[in-house]
Each structure stands twice: as C-alpha cells, then as structure tokens.
Amino acid sequence: MYNQIFFTNVLRLLEEQGMTKHDLAEKAGMSISFLSDLTNGKANPSLKIMVAIADALSVPLPTLLEMTDLDKATLDALSGGKAPKSLPDGFARIAAILNDYQAFTVRHWDEANRKLIAKKKGKKS
C-alpha cells in the first residue's frame, strides 16, 4: 500500500513541478528503466532510493509517505480490506495548495488539533 501512496505522490509532484521521469531519474542518480519499474510496481524501492527520489523532488520523505490524493476506498482496496488509521475518528489528514494567509491559518488549526489529539491519547493511556 505504501508503495502506491509513495508513487502516487511522486507522479503528482512530477506533474506539478513540470519534471519528466527522465529528469527525476537523472537527479536521483538512477536509470530511467529502474525508475519506470518502480513507478509501475515492478520493483520495490529501498529507503536509500526513496530518500534519493524525495531529495530530487526537493520534498521531505515523510511527505511522500503519509499524505495522498488517493480516496479512502482506494486505500482500503490497496491494504486488502481496511487501511490502517493514524488519526482518531473525526480527524482527517489532507494535502492542499494554499496561499500564505491560508497556510498561516491552517498551521494554527493543525497545532491546536495536534494538542487535542495528544491530550485524548494521554487520557487513554
């Protein structure tokens, strides 16, 4: 499942950044055929390869692994049933493109929600 999330994000970023797979392969120091095998699910990336791809795209690796544009039904199907949840009910993690003011506001919401989730987890322990 995480390979699909990773490469869905990689392909989205390639499009957003106007890069080709060839450009990415060159920047990440791998052959285009190996990158194609990875993005087509014919090979599994090592951590070293994932870091090289993230660096070539100028994004942190965790961003490529934890956020996705895939819908819940697709994630459930990829996980063979029900995708594991990292957040409690009533919370969702999304990726969005925002202007500076919107990002400022969302960062404050994020901080408040992280504190709320931590507090809820503390009560369950």
Side-chain angles (χ1 to χ4, degrees):
M1 175 174 82
Y2 289 103
N3 281 356
Q4 289 90 350
I5 291 172
F6 181 78
F7 287 111
T8 297
N9 288 324
V10 167
L11 295 172
R12 177 182 47 78
L13 284 167
L14 284 175
E15 183 179 323
E16 287 176 4
Q17 295 180 14
M19 288 177 68
T20 64
K21 284 185 183 180
H22 181 74
D23 296 333
L24 177 59
E26 190 173 290
K27 285 182 81 174
M30 65 187 67
S31 71
I32 184 65
S33 64
F34 180 63
L35 180 63
S36 289
D37 284 349
L38 289 171
T39 58
N40 292 324
K42 295 178 183 172
N44 290 316
S46 66
L47 182 56
K48 183 177 179 179
I49 293 295
M50 289 190 292
V51 168
I53 290 171
D55 288 347
L57 292 168
S58 302
V59 297
L61 178 57
T63 300
L64 294 175
L65 293 169
E66 71 179 24
M67 295 183 189
T68 182
D69 293 338
L70 298 174
D71 60 68
K72 183 177 177 349
T74 302
L75 289 173
D76 286 345
L78 290 172
S79 68
K82 188 167 179 145
K85 289 179 58 174
S86 61
L87 297 173
D89 288 338
F91 291 88
R93 180 175 282 117
I94 63 163
I97 298 172
L98 308 169
N99 65 38
D100 288 337
Y101 175 74
Q102 292 167 328
F104 174 82
T105 303
V106 169
R107 281 188 198 103
H108 281 83
W109 292 343
D110 178 62
E111 184 179 314
N113 284 328
R114 286 178 187 269
K115 287 178 183 176
L116 181 62
I117 290 169
K119 188 175 179 179
K120 285 183 177 186
K121 285 182 179 179
K123 286 182 180 179
K124 289 182 181 179
S125 300

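Applying the side chain to side chain donor-acceptor pair (under 3.5 Å) rule to pairs touching residues 41-51 yields Asn3-Asn44, sequence neighbours excluded. For residues 106-117, the side chain to side chain donor-acceptor pair (under 3.5 Å) pairs, not counting sequence neighbours, are Asp110-Arg114, Glu111-Lys115.
Note that CE of Met19 and CG of Leu11 are 11.5 Å apart. Values are rounded to the nearest 0.5 Å. Rounded to the nearest 0.5 Å, atoms CG (Asp55) and CG (Leu61) are 8.5 Å apart. The line from CG of Leu38 to OG of Ser31 is 8.5 Å long, rounded to the nearest 0.5 Å.
Listed here is the closest heavy atom pair of Ala56 and Lys27: O-NZ, 3.2 Å. Leu64 and Asn9 get closest at one heavy-atom pair: O-ND2, 2.9 Å. Nearest heavy atom pair, residue Ala54 against residue Pro60, reads CB-C, 4.3 Å. Nearest heavy atom pair, residue Ser36 against residue Lys21, reads OG-CD, 4.3 Å. Residues Leu57 and Gln17 approach most closely at O-NE2, 3.0 Å, considering heavy atoms.
In terms of hydrophobic clustering, with Ile, Leu, Val, Met, Phe, Trp and Tyr side chains grouped at heavy-atom distances under 4.5 Å, Ile49 and Leu47 are assigned to a common cluster. Residues Leu13 and Leu98 fall into different hydrophobic clusters, defined by Ile, Leu, Val, Met, Phe, Trp and Tyr side chains chained together at heavy-atom separations under 4.5 Å.
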| field | Phe91/Leu116 under side-chain contact (heavy atoms from CB on, under 4.5 Å): CA gap, chis, key distance, verdict | value | CA-CA 11 Å; Phe91 291 88; Leu116 181 62; 3.8 Å; yes
| task | Before giving the answer on side-chain contact (heavy atoms from CB on, under 4.5 Å), spell out for Phe104 and Asn99 the whole-Å C-alpha distance, their side-chain angles and the decisive distance to 0.1 Å. | result | CA-CA 9 Å; Phe104 174 82; Asn99 65 38; over 6 Å; no
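By the 4.5 Å heavy-atom criterion applied to side chains, Phe34 and Thr39 are not counted as neighbours. The shortest distance between side-chain heavy atoms of Leu14 and Asp23 does not fall below 4.5 Å. Between Ile53 and Phe6, the closest side-chain pair of non-hydrogen atoms falls below 4.5 Å.
Listed by chain and number, the residues in a side chain to side chain contact (heavy atoms under 4.5 Å, CB included) with Ala52 are Ala28 (sequence neighbours excluded).
Counting non-hydrogen atoms of neighbouring residues, nucleotides and ligands closer than 6.0 angstrom, the CG atom of Asp100 reaches no more than 12 such neighbours.
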